[in-house]
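All remarks here apply to the structure that follows.
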There are 2 protein chains.
Amino acid sequence: MGAGFKAITSGTVTSPQGFLAGAVEASIKSPDKLDLAILCSEKPCVAAGVFTTNLIQSAPVILSKKHLKDQKAQAIVVNSGCANACTGDSGMADAIEMAKLAADKLGLSTKNVLVASTGVIGVPLPMDQIRDGIRRIVPTKDGGHKLARAIMTTDTFAKEIAVAVESKMGRFAIGGVAKGAGMIHPNMATLLCFLTTDATVDAHFLQSVLRRAVANSFNMVTIDGDTSPSDTAVILANGAAGTATIKQSNGELFRKALDEVCLYLAKSIARDGEGATKLIEVAVEGALKESQARLAARTIASSPLFKAAMYGNDPNWGRIVAALGRSGAKVNEKKLEVYLNGVCVMKEGSPVHFGEQEMRNGLADKEVSVKLCLHLGRGEAVAWGCDLSEEYVTINSAYTS
Amino acid sequence: MGAGFKAITSGTVTSPQGFLAGAVEASIKSPDKLDLAILCSEKPCVAAGVFTTNLIQSAPVILSKKHLKDQKAQAIVVNSGCANACTGDSGMADAIEMAKLAADKLGLSTKNVLVASTGVIGVPLPMDQIRDGIRRIVPTKDGGHKLARAIMTTDTFAKEIAVAVESKMGRFAIGGVAKGAGMIHPNMATLLCFLTTDATVDAHFLQSVLRRAVANSFNMVTIDGDTSPSDTAVILANGAAGTATIKQSNGELFRKALDEVCLYLAKSIARDGEGATKLIEVAVEGALKESQARLAARTIASSPLFKAAMYGNDPNWGRIVAALGRSGAKVNEKKLEVYLNGVCVMKEGSPVHFGEQEMRNGLADKEVSVKLCLHLGRGEAVAWGCDLSEEYVTINSAYTS
């Protein structure tokens, strides 16, 4: 962790003061799993969000964007098992009703409630179960972990973290929870990520630091190249810690802590990609521009051939170079250097001999690193992904069944 | 087949008059498989080619582009098992030597020989085996099928065809051979495709019809989204049939026959994608522009989630719509219609009920069709792909081992 903040043991999205969460089994995902949850704050919050750039957007995404226009929100109601996407006007009516049910339960105005749904596309929400479920949810101070479990779909572990920050403006905490696993190639946000803080934060600053944190974390994660219509990242700041207002001029530490929280969650998503056995980090240096470095890193991290090779611990680096060449980033083969787990495998356009068995042993680790030096400029970026295993196919060939 | 031409039974790339081919086992791919071949014409040819747009290009691609500048060629020497890509200056020297060895053997000038290599990237060609192998090749009139087998890597069947054409300019034939299987998401050409004709063809016309035929066939095929540094499609026209010169003003039938040959080969590649169990056709209609229709069709056909669902006969059409939404093509959800095997599953942004068991039975066929009507304009395009099975991963996690 960076200077000035540290991880809270077993921290969750309800670790910051004044946040509550609860979840129930509503038989949306399967009969005996948590799948409907509420995250709320005791006090009104300044809020910010970034959403999918997919032109097909789920009803909850459209509604939450509308509810966030005034940069205020106090609760999020979320379900897994059904995305409420491609469901037409009735899908929008269902999303509005979800927000209203949660608002009525919590004594809030409907426009201060955000909605998120994740799961199968093109299927209507089972509203009877949603109505009954929302009635049964009991938000509590220690409910963060339950919420983390309730938003999981094919995730194999809950993704959550909280950090305690000591700043000149006072002490505060930031909590976060995310879900991932499949249809992960975010573009403005990941599938679902909820962040909380008890700091008092200026609304414009909050939006700008969230956008930046997401750009360097969730937007650099790829599992399968498929961007979801449900991508949502939202942060709520309730001021319960009584800090001075954090804004552009004094917000450096807040920004760093938020970056760290998002990075942790994003890497957890990559590590837990559907069927993944390892986390892959792809760093690109010396690109002509940062945008080209991002493009190259993401393209390599999402190449099915490269990912399959990594699953087999196969140092077939030609696939890295082939993916770079089609990425759209400018590249000069004669200047290119490629490193696999720190070992140079290609330099100035020619192969470099390496110990194959030793390399294979290294690639069998839980984390693999790739670095490319393009020697064309100063653009750099890091992307995270995972390997491609038979299990990814098994999971995704029978998702709706 | 279209009017004016018909398929030649067991037709190959040597079915047109005056073309010879031969292949040998040179232990490049494995000890007992054909992997080195020569295709040549008894007479000089007018030639045209289209090559990969990957910025990393193999030495054979760079050399063949140079040799094609005068729009003339008389032979192609090709190996599988090693791509001779990312091999630096020595790789280029090896490609030049391959061309020279073939030229000397055939009594041609080196600049009239094209070179193609397919296989692992970043590994030098085993030149002793290449030298010995080229010496042993005996090109014959019926060698086309041997060449088709020699260029296979993970292909499970040879892809070849020939058609006989009756035109006002005289009778002629067009033959073609291709390889595919992996790293297939061509952009200007597929991995390897060689076409021959005994018609007399104007060089500029030949280049333009080849470019167009490739755009609507090979460039609309996708197996895994990875564009290869070796993509090459070349056509040789030797005039042996003694036709009048075929050119823009009289070339409509030639163009149609060439389109048909390329389409047949491209669909064969999709059908034989690594681990594929079925061919998937994605047709997009009513896009704002043709370029957007092409983008949408290719994006859907290459979505790992959609491909995995098709493998499982799972009518999870939400993945089609999600891929469309991220494709970059303009889309209005409220106008969108989606058909799976001819059955409407979404209309005007809402799901349409269908018989799930019947749909699953239909999806179990060897060919599956998807159609999207965007209702925004007149752009249309068709792309071909295949499903994603566990076997794709198995094949690609151990390719270099």
Side-chain angles (χ1 to χ4, degrees), chain A residues 53-57 83 85-91 120-124 182-183 185 187 224-229 303-305 308-309 311-312 314-319 321-326 330-331 333-334 345-346 348-351 388-390 392-401, chain B residues 53-57 83 85-91 120-124 182-183 185 187 224-229 303-305 308-309 311-312 314-319 321-326 330-331 333-334 345-346 348-351 388-390 392-401:
Chain A
T53 54
N54 196 309
L55 294 182
I56 302 292
Q57 307 201 331
C86 300
T87 43
D89 293 340
S90 67
V120 185
I121 296 169
V123 174
M183 209 176 267
H185 188 76
N187 200 353
D224 50 21
D226 270 317
T227 304
S228 152
S303 154
L305 285 172
Y311 172 61
D314 180 355
N316 192 344
W317 57 266
R319 294 178 178 174
V321 179
L324 170 69
R326 71 170 163 90
K330 190 172 158 64
V331 50
E333 193 176 333
K334 303 246 172 202
V345 294
M346 181 198 197
E348 295 170 1
S350 292
L388 174 62
S389 72
E390 288 93 349
Y392 174 89
V393 180
T394 309
I395 292 169
N396 283 301
S397 56
Y399 184 65
T400 63
S401 347
Chain B
T53 53
N54 196 312
L55 294 183
I56 301 293
Q57 307 201 332
C86 298
T87 41
D89 293 340
S90 67
V120 185
I121 298 169
V123 174
M183 208 175 266
H185 188 75
N187 200 353
D224 50 20
D226 271 316
T227 305
S228 152
S303 154
L305 284 172
Y311 172 60
D314 180 355
N316 192 345
W317 58 266
R319 293 177 177 175
V321 179
L324 171 68
R326 71 170 164 89
K330 189 171 158 64
V331 50
E333 193 177 332
K334 303 246 172 199
V345 294
M346 182 197 196
E348 294 170 4
S350 292
L388 174 61
S389 71
E390 287 94 349
Y392 174 88
V393 179
T394 308
I395 292 169
N396 283 301
S397 56
Y399 185 64
T400 64
S401 350

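Every heavy atom of this structure was used, including side-chain atoms; hydrogens, water molecules and symmetry mates were not. Order of the sequence lines sets the chain letters (A, B, ...), proteins ahead of strands, with each chain counted from 1.
Under the rule for a salt bridge (charged side-chain N to carboxylate O under 4.0 Å, His left out), B/Lys330 has no partner lying at least two apart in sequence or in another chain. Every side chain to side chain donor-acceptor pair (under 3.5 Å) that A/Glu390 has, sequence neighbours left out, goes to A/Tyr311, B/Thr394.
Considering only heavy-atom pairs separated by less than 4.5 Å from chain B, the leading option among A/Lys334, A/Gln57, A/Glu333 is A/Glu333. Taking B/Cys86, B/Ala83, B/Ala309 one by one and counting their heavy-atom pairs under 4.5 Å with chain A, the maximum is reached by B/Cys86.
Closest of all the heavy-atom pairs between A/Gly122 and B/Pro351 is O-CG, 3.3 Å.
Using a 4.5 Å cut-off between heavy atoms, B/Glu348 does not touch chain A at all.
Looking at A/Ile121 and B/Arg319, their side chains never come closer than 4.5 Å, going by heavy atoms from C-beta outward.
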